[in-house]
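Every heavy atom of this structure was used, including side-chain atoms; hydrogens, water molecules and symmetry mates were not.
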Amino acid sequence: MRIDIATLFPEMCEAVLSASIIGRARKAGKIEICCHNIRDYSPDRRHHRVDDSPYGGGKGMVMQPEPIYRCYLDIIRQSLSLPHVIYLSPQGKVLTQKKALALREIPHLLLLCGHYEGVDERIIEKIADEELSIGDYVLTGGELAALAVTDAVARLCDGVLSASECFEEESHMNGLLEYPQYTRPERWEGMAVPPVLLSGHHANISAWRQQQSLDRTRQKRPDLLE
């Protein structure tokens with residue numbers, strides 16, 4: 001799978017995506033992630049300007065369509081494929097685990113990060129296949145949202161985690177929250193690990209975990225049970 005990120009701050013994205021599990025997966029060739037600086041595609045070769053004041057007046061600046069479009073065309077040229085373009089926007093549908101699983105099946109994603117007051121609407125109409133949000137709030141730019149989408153999708157790809165079991169029983173994978181986890185020591189600060197987890201009885205452990213998932217979901221996110 002290939003994920004391209006078009007942004008004004010590629011170094012911000014690279015710093016996160018070069019570390020930990022995703023960074024190791026990139027080095028091992030399990031997933032391809034490329035960050036592109038939209039300023040490199042500005043027609044203004046002297047100042048690399050990519051924004052201008054909005055028509056109709058108003059505060060802030062709007063990202064121009066031409067640098068973004070040039071970046072998009074160059075990504076197609078580099079990859080020899082047509083990407084599924086996602087514009088990260090608070091107006092988009094909210095990212096869910098179900099959506100991350102669906103995006104995993106798309107071989108090439110391009111995540112477009114807006115900034116300032118957003119991007120010229122015409123570039124959204126021209127190249128975007130969908131808009132996606134990570135919550136009902138506004139950030140200073142799309143980079144954090146793009147990183148969240150990249151991490152959520154990339155970790156589901158073959159070979160990124162050690163085994164599919166690493167995510168198959170996580171929160172939201174089956175509509176429930178995950179059961180509580182414990183590790184050594186067996187007793188800590190007067191609190192003990194539930195005896196069933198020490199029993200070695202796999203059927204009992206499985207039943208306990210299922211019940212814990214139901215109880216946690218009912219307590220913390222009853223809306224999921226609805």
Side-chain angles (χ1 to χ4, degrees), residues 1-18 22 32-100 102-104 106-154:
M1 181 179 196
R2 172 170 174 147
I3 300 177
D4 287 280
I5 302 176
T7 169
L8 297 180
F9 300 96
E11 68 281 359
M12 175 181 175
C13 298
E14 284 288 355
V16 174
L17 298 174
S18 297
I22 304 301
E32 185 178 6
I33 302 175
C34 305
C35 301
H36 308 266
N37 193 336
I38 296 172
R39 291 189 187 279
D40 292 341
Y41 300 90
S42 172
D44 180 1
R45 306 313 299 171
R46 181 175 181 181
H47 301 290
H48 302 284
R49 185 172 182 174
V50 295
D51 64 323
D52 211 326
S53 54
Y55 280 120
K59 296 286 186 179
M61 306 291 278
V62 176
M63 290 178 64
Q64 299 168 311
E66 184 63 20
I68 297 172
Y69 190 57
R70 290 186 178 189
C71 180
Y72 166 75
L73 293 177
D74 194 42
I75 289 170
I76 294 174
R77 181 189 61 80
Q78 292 177 30
S79 63
L80 300 178
S81 68
L82 190 66
H84 180 83
V85 181
I86 299 173
Y87 175 51
L88 285 313
S89 164
Q91 297 184 23
K93 292 183 178 179
V94 177
L95 176 68
T96 63
Q97 189 68 14
K98 182 178 179 180
K99 182 62 177 178
L103 293 176
R104 177 187 63 171
I106 301 175
H108 187 186
L109 299 177
L110 168 55
L111 308 182
L112 172 59
C113 304
H115 237 272
Y116 315 120
E117 294 303 310
V119 303
D120 189 298
E121 185 69 20
R122 291 169 293 182
I123 195 63
I124 300 174
E125 295 175 359
K126 180 73 172 177
I127 70 170
D129 295 293
E130 61 178 310
E131 297 181 46
L132 202 58
S133 167
I134 60 169
D136 294 333
Y137 48 86
V138 179
L139 301 169
T140 56
E143 285 73 22
L144 292 176
L147 290 171
V149 172
T150 300
D151 190 279
V153 174

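Here the closest non-hydrogen pair linking C71 and Y41 is CB-CD1, 3.6 Å. Taking every heavy atom of both residues into account, I134 and A145 meet most closely at CD1-CA, 3.7 Å. Taking both residues in full, the closest heavy atoms of L147 and M12 are given as CD1-O, 4.5 Å, listed atom of the first, atom of the second, then distance. Residues I5 and C113 share a closest heavy-atom pair of CG2-SG, 3.8 Å. For the residue pair L82 and H108, the shortest heavy atom distance occurs at C-ND1, 4.3 Å. Heavy-atom minimum distance, P83 versus S81: CD-O, 3.4 Å.
Contact of the I123 side chain with the M63 side chain is not registered, since no non-hydrogen atoms from C-beta on lie closer than 4.5 Å. Inter-residue side-chain proximity for L139 and L88 is flagged as unmet; no heavy-atom pair is nearer than 4.5 Å. Two residues are said to be in side-chain contact when any heavy atoms from C-beta on lie closer than 4.5 Å; P43 and E66 meet this criterion. Between D40 and D74 there is no side-chain heavy-atom pair separated by less than 4.5 Å. You'll find the side chain of H115 reaches within 4.5 Å of the side chain of F9, heavy atoms only.
By the neighbour-count criterion of 12 heavy atoms within 6.0 Å, atom CD of Q91 is sparsely surrounded, having that number or fewer from other residues, nucleotides or ligands. Summarising the local packing, OH of Y137 is surrounded by more than 12 heavy atoms from other residues, nucleotides or ligands at distances under 6.0 Å. By the 6.0 Å contact criterion, CZ on R49 is enclosed, its count of non-hydrogen atoms from other residues, nucleotides or ligands being greater than 12.
Rounded to the nearest 0.5 Å, atoms CD1 (I33) and CE (M1) are 9.0 Å apart. I86 contributes atom CD1, which lies 10.5 Å from atom CG of L112 (distance to the nearest 0.5 angstrom). Residue T7 holds its OG1 atom at 10.5 Å from CD1 of I68, rounded to the nearest 0.5 Å. For the atom pair CZ of R70 and CD1 of I38, the computed distance is 13.5 Å after rounding to the nearest 0.5 Å. Going from atom OG1 of T150 over to atom CG of L111 covers 4.5 Å, rounded to the nearest 0.5 Å. Atom-to-atom distance recorded for N37:CG and L8:CG is 6.5 Å, nearest 0.5 angstrom.
Under a 3.5 Å cut-off, the side chain of D120 and the backbone N or O of Q64 do not form any donor-acceptor pair.
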